> 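I have a structure I would like to understand better, so I am pasting it below and will then ask my questions one at a time.
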Amino acid sequence: MIQIKLHNTRTRRREAFTPIDPGHVKVYVCGPTVYDRAHLGNARPVVVFDVLIRLLRARYPRVTYVRNITDVDDKINARFLETGEEISEITTRTTQWFHDDMEALGALPPDVEPRATAHIPEIIAIIQRLIQGGHGYEAQGHVLFAVDSDPDYGKFSGRSTDELIAGARVEVAPYKRAAGDFVLWKPSPDELPGWDSPWGRGRPGWHIECSAMSWKHLGTDFDIHGGGSDLIFPHHENEIAQSTCAFPGSHFARYWVHNAMLLVNGEKMSKSRGNFLTVEEVLHQAPGEALRFLLLKTHYRSTLDFTDSTIAEAKRELDRFYRALELHSAVTPADEVPDVFLVALADDLNTPAAIASLHRFADAALAGDAKAAASLKAAGSILGILRQAPSAWFSDGIDQTTLHKLVVARNSARERKDYAEADRIRSEIESRGIVIEDGPNNSYTLRKR
RNA sequence: GGUCCGGUGGCAGAGUGGUGAUGCAGCGGACUGCAAAUCCGCGAAUGUGGGUUCGAUUCCCGCCCGGACCUCCA
């Protein structure tokens, strides 16, 4: 029985993971705001937490994974005001894009995918609790959270409220009692999405949504809360303040897991730098599985640099794994995922070390060990890779009938030892992005370059 | 300015107070008509200056460099 260890942002240390209820592990991860195509940075937490969920499911009998959709937000409104497209169309279409992209990355859907707009009653209920408890106040149609009312505010992200005020780079709204107070509810004009509330027509602030949705679907106390490290402050700090103040005595999430940021060619992605890469764009240059594997080749708490060469390398490594599986295409996956792999993965999701063990299995499989091939496949399934048939991996999208004529012509050239012609045909095949590998007796294998 | 993280071979990327994983690339060899794939083998690294220690890449301090957060952000 392996012991899973996780780096807990709350304590800044690696801790043994002990669920509140070993019979039912509960996980919440912050999902996307649906206003545009998912970018590579969005993909990292999805893949990282997908592996964590697969690991938890291998270890515990029941795991509930909740990942929200934020479908009411300034950016969505801005898109509407800019293009005139209906809000619901924007959010529905963008959500579908997100689902398509994440499926291409081999990420399992969460058990519950709550939308913020479907949880307005819960949001209002929490805000009312906060007001009643002296943690929220109304001002000019807004409801704000009073950070001074929570002695623990700032502890999670390691900041004092003094620092927050001193470091504030944003002009403080005049209706705030303290500079660090943040919005729970704000007024919304008629042309923008809004809901009736005790404070007039308005819409929820961003942070309160996650407090409401995690409460609704996981309760006031649950095991793991995940997200990108850029959410530690203010988003997660605020979630903790809201949830623990609304439900005195509760602890909200026990373990906080944050993935590090992703760079493109050494730089943070941003539209102004022109290096903003969407998942869809990358899927044009490499299979989703290669992108997934690339995301797992770096430990989740380290900055990851995406480049053309790292994605190409990820694909080459998978090629070798699939060759090893191809050699034993008849084997069924082992029921048991090898311990050496699980131990590495359980150690704060050390995917690079776990992948190193995959290479050992591949070595053995290529040397003829069928059991190693089964282990490779079983371990791969925890990482969410190596799930397709090797033939599909190598030849997906290749028009076999068109190529067959070329291959036959090349083989006959080889038989009459006209190697110049044989090489010419090989170049022609390769010009289509296909590599041909000769086997014995004129057999051959085609694979994508 | 404040808070925090990191600097490992050509590149990517783990771990560790006591011979520095793994992969990609490169080089030599086997195999091949030639390749590809596979196999065998090879070279190659802990930013810098101190400290603690029998011993530091690992712990502590300074410095240099890079990055993140403090504002919407995965």
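Because the structure is predicted, anything quoted here is derived from the model rather than measured. Throughout, protein chains are lettered first and strands after them, A, B, ... in sequence-line order, and every chain is numbered starting at 1. Values reported hereafter were calculated over all heavy atoms of this structure, with side chains retained and with hydrogens, waters and symmetry mates removed.
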> On a heavy-atom basis, which atom in Val72(A) and which in Glu209(A) lie closest, and how many Å separate them?
O-OE2, 3.3 Å
> What I want to check is whether the side chains of Asn411(A) and Glu415(A) have a donor and an acceptor closer together than 3.5 Å.
no
> Contact class for Glu313(A) vs. all strands (heavy atom < 4.0 Å): base, sugar-phosphate, or nothing?
base
> Of all the nucleotides listed (A74(B), C70(B), G33(B)), which has the minimum atom distance to the side chain of Asn259(A)?
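Nearest nucleotide to the side chain: A74(B).
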> Please encode protein proximity along nucleotides 35-47 of chain B as a string of B, S and -, counting only heavy-atom distances under 4.0 Å.
BBSSS--------
> Report which part of the nucleic acid Asn350(A) touches: base, sugar-phosphate, or nothing (heavy-atom distance under 4.0 Å, all strands).
sugar-phosphate
> Would you say Thr11(A) and Glu15(A) are linked by a side-chain donor-acceptor pair, where the criterion is simply a distance under 3.5 Å?
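A pair is found: one side chain offers a donor N or O, the other an acceptor, under 3.5 Å apart.
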> Should the pair Asp438(A)-Arg414(A) be classified as a salt bridge under the 4.0 Å nitrogen-to-oxygen rule?
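Yes, this pair counts.
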> Distance check needed: G23(B) P versus Phe361(A) CZ, whole Å only.
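In whole Å, G23(B) P lies 14 Å from Phe361(A) CZ.
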> Please indicate whether Arg115(A) has more than 12 foreign heavy atoms, meaning atoms of other residues, nucleotides or ligands, lying under 6.0 Å from its CZ.
no
> Name all stems that contain residues of RNA chain B, defined as runs of 3 or more consecutive Watson-Crick or G-U wobble pairs, both distances under 3.5 Å.
B:1-7 with B:64-70, B:10-12 with B:22-24, B:26-30 with B:38-42, B:47-51 with B:59-63
> Rounding to a whole Å, what distance do you find between Asp230(A):CG and C4(B):P?
19 Å
> How close or far is atom C1' of C72(B) from atom CZ of Phe182(A), stated in whole angstroms?
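After rounding, the reported distance stands at 16 Å.
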> Would a 4.5 Å heavy-atom cut-off, applied to side chains only, mark Thr94(A) and Tyr35(A) as touching?
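No; the side chains remain at least 4.5 Å from each other.
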> Could you work out the separation of U57(B) and G18(B) based on their C1' atoms and round it to a whole Å?
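Approximately 12 Å lies between the C1' atom of U57(B) and that of G18(B).
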> Return each pair, listed once, that meets ring pair (Phe, Tyr, Trp, His ring centres under 6.0 Å) where at least one residue sits in residues 340-359 of chain A; pairs must be two or more places apart or across chains.
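For residues 340-359 of chain A, and leaving out neighbouring residues, the ring pair (Phe, Tyr, Trp, His ring centres under 6.0 Å) pairs sorted by first residue read Phe321(A)-His359(A).
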> Does a side-chain N-to-carboxylate-O contact under 4.0 Å join Asp101(A) and Arg37(A)?
yes
> With a 4.0 Å cut-off on heavy atoms, is His258(A) in touch with a base, just the backbone sugar-phosphate, or nothing at all?
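Here His258(A) touches no strand at all.
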> Would you mind checking if Glu317(A) and Lys297(A) are paired as a salt bridge, meaning a charged N to carboxylate O distance below 4.0 Å?
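Yes, Lys297(A) and Glu317(A) are salt-bridged.
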> Return the value, rounded to whole Å, for the distance between atom CG of Leu231(A) and atom P of C70(B).
10 Å
> Strictly below 4.0 Å: does Ser302(A) bring a side-chain N or O up to OP1 or OP2 of G6(B)?
no
> Mind checking if Gly41(A) touches a base, just sugar-phosphate, or nothing, with heavy atoms under 4.0 Å?
base
> With His39(A), which of Phe276(A), Trp97(A), Phe98(A) fulfils ring-ring contact (aromatic ring centres under 6.0 Å, His included)?
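Output: one option passes, namely Phe276(A).
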> Does the distance from a Lys or Arg side-chain N to an Asp or Glu carboxylate O, for Asp74(A) and Arg79(A), drop under 4.0 Å?
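No salt bridge links Asp74(A) with Arg79(A).
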> Below 4.0 angstrom, N of the basic side chain to O of the carboxylate: do Lys26(A) and Asp111(A) qualify?
no
> Nucleotides 18-21 of chain B: which of its N/O atoms have a protein N/O under 3.5 Å away?
none

> Please report the distance separating the P of C64(B) from the corresponding atom of U48(B), rounded so that it comes out in whole Å.
16 Å
> Provide, to the nearest angstrom, the distance between the OH atom belonging to Tyr444(A) and the P atom belonging to G33(B).
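Nearest whole value for this atom pair: 19 Å.
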> Ser309(A) side chain N/O closer than 4.0 Å to the phosphate oxygens (OP1, OP2) of C11(B)?
no
> Checking contacts here: which listed nucleotide (A14(B), A74(B), A25(B)) is nearest the side-chain heavy atoms of Arg316(A)?
A25(B)
> Should Trp215(A) and His119(A) count as side-chain neighbours, where that means a heavy-atom distance under 4.5 Å?
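No; the side chains remain at least 4.5 Å from each other.
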> Expressed as a whole number of angstroms, how long is the span from Arg301(A):CZ to A68(B):C1'?
15 Å
> Among residues 91-105 of chain A, which ones have heavy-atom contacts with RNA chain B below 4.0 Å?
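By residue number: none to list.
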> Applying a 4.0 Å non-hydrogen cut-off, can you work out what Leu262(A) is touching in the nucleic acid: base, sugar-phosphate, or nothing?
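Base contact.
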> Side-chain donor-acceptor pair under 3.5 Å between His236(A) and His207(A), yes or no?
no
> Sort and list the pairs that fulfil salt bridge (charged side-chain N to carboxylate O under 4.0 Å, His left out) and have at least one residue in residues 299-312 of chain A, not counting sequence neighbours.
Arg301(A)-Asp348(A)
> Name the nucleic acid region contacted by Lys417(A), choosing base, sugar-phosphate or nothing; use a 4.0 angstrom heavy-atom cut-off, strictly under.
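Answer is nothing: Lys417(A) stays at 4.0 Å or more from every strand.
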> Find the distance Asn238(A):CG to C72(B):P and express it as a whole number of Å.
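Spelled out: CG on Asn238(A) to P on C72(B) is 10 Å.
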> Just compare U22(B), A74(B), A14(B) and give me whichever is closest to any side-chain atom of His359(A).
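From the listed options, U22(B) comes nearest.
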> Take atom CZ of Phe233(A) and atom C1' of U71(B), then tell me their distance rounded to the nearest Å.
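Taking CZ of Phe233(A) and C1' of U71(B), I get 10 Å after rounding.
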